[in-house]
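Notes to accompany the following structure.
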Amino acid sequence: MMITKEIPDLDLGQISRSGQCFRMRQIGEDTYALIAFGRYLEVRQEGERISFSCTEEEFEKIWRGYFDLDTDYGRIKQAVDPADAYLQAAVRLGGGIRILQQELWETIVTFIISQRNNIPRIKKCVDMLCRAFGKKDVDFRGEMYDLFPTPEALAGVSEKDLRDCNLGYRAPYIHKTARMVCDGTVDLGQLHTLDHGAARQQLRRFCGVGEKVADCICLFALHHMEAFPVDTHIQDMLRKYPGGFPFERYEGYAGMIQQYAFYYELFGERNLV
DNA sequence: CACCAGGACGTTT
DNA sequence: AAACGTCATGGT
């Protein structure tokens with residue numbers, strides 16, 4: 001149960017480092033393990049040949065959508081202004097990033113955790129949460145792994161138990177948010193049917209979800225490619241456009257441009273551009 | 001509208 | 001070793 005596909009514009013290392021998915025880890029030189037939609041997957045990359053540890057059926061059902069394989073990222077990159085030295089450099093560095101289509105509940109919680117936090121620590125917190133409150137399952141080798149805890153699981157534990165996962169002041173945010181999902185205050189299923197403005201408005205009702213986190217959830221779980229989360233790194237980037245960033249040029253997919261810029265701010269050479 | 005606490009730790013100096 | 005910063009938000 002190993003299938004191989006030819007996939008352009010995809011770099012597992014870049015996706016793993018890009019900080020949109022906190023449950024993807026490197027387990028070998030070119031191999032990554034991730035857990036999503038109740039499945040454990042190992043993915044290996046050799047150039048454009050990507051191997052998936054699953055059946056063809058599972059690939060079509062889950063991973064084609066998860067890795068956003070029906071979006072043409074080559075076309076998006078070609079649309080970047082050739083005269084824009086900054087974005088050209090950003091695309092050169094992070095051209096293998098894709099916008100994953102992750103699970104909504106997990107994305108809500110992980111991006112509440114992400115606020116005022118760094119990527120290595122976010123991953124640790126998420127691992128601890130899954131270890132403590134997630135259902136256990138076995139992978140294709142028979143090894144145990146932890147699913148992401150359900151809203152019911154997180155609403156059912158004490159705030160202190162959440163704090164023990166090093167969530168700090170985010171513990172009450174997550175507890176309240178879990179309860180709001182369980183009691184139906186916000187309908188997660190319905191969120192998938194809303195447009196960007198309406199979804200963002202609903203997400204803002206959760207405790208601990210502000211403008212930035214709401215946009216991350218829209219981009220990484222609801223696949224609103226127009227969502228443009230502005231954090232401290234993107235603020236730095238925007239300052240490099242004294243005449244204003246050309247949002248109108250990238251209408252409908254500014255979120256993808258945001259990801260290239262975010263990655264470049266984090267991993268690009270400091271003295272370049 | 002302008003602060004500022006709250007937590008813990010990765011990163012840089 | 002010590003200061004600095006981290007994919008912000010809610011409360012005052």
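Note that this is a predicted model, so its numbers are computed, not measured. Heavy-atom basis, side chains included; hydrogens, waters and symmetry copies ignored. Below, chain A is the first sequence line, B the second, and so on; all start at residue 1.
Going from atom OH of Tyr264(A) over to atom P of dC7(C) covers 18 Å, rounded to whole Å. Regarding Asp164(A), its CG atom lies at a distance of 10 Å from the P atom of dA8(B), rounded to whole Å. Residue Ile113(A) contributes atom CD1, which lies 15 Å from atom C1' of dT9(C) at whole-angstrom precision. Note: CD (Gln115(A)) to C1' (dG11(C)) measures 14 Å, nearest angstrom. Atom NZ of Lys176(A) and atom P of dG11(C) are 6 Å apart (whole Å). Atom-to-atom, OH of Tyr263(A) to C1' of dC7(C) comes out at 15 Å; the value is rounded to the nearest Å. Atom CG of Asn117(A) is separated from atom C1' of dT11(B) by 14 Å (rounded to the nearest Å). The CD1 atom of Ile174(A) sits 14 Å away from the C1' atom of dG6(B) (whole-angstrom rounding).
Note that the CD1 atom of Ile174(A) and the CD1 atom of Ile113(A) stand 4.0 Å from one another [nearest 0.5 Å].
Annotation: Phe228(A) is not in aromatic contact with Tyr250(A) [ring centroid separation under 6.0 Å not met].
Residue Val230(A) is out of contact with every strand shown, counting any heavy-atom pair closer than 4.0 Å.
Checked against Glu56(A) for a salt bridge (charged side-chain N to carboxylate O under 4.0 Å, His left out), the options Lys61(A), Lys5(A), Arg64(A) give a single hit: Lys5(A).
As the counterpart of dC4(C), dG10(B) is assigned, both hydrogen-bonding distances of the Watson-Crick or G-U wobble pattern falling under 3.5 Å.
When each of Gln258(A) and Cys207(A) is assigned the nucleotide of DNA chain C bearing its nearest heavy atom, the one mapping closer to the 5' terminus is Gln258(A).
In this model, the phosphate group of dC7(C) is not approached by any side-chain N or O of Thr232(A) to a distance below 4.0 Å at OP1 or OP2. Considering only side-chain N and O atoms, Lys123(A) lies nowhere under 4.0 angstrom from the phosphate OP1 or OP2 of dG10(B). Contact between the side-chain N/O atoms of Asn166(A) and the OP1/OP2 oxygens of dC9(B) is found at a separation under 4.0 Å.
Between the side chains of Gln201(A) and Arg204(A), no donor-acceptor pair of N or O atoms lies under 3.5 Å.
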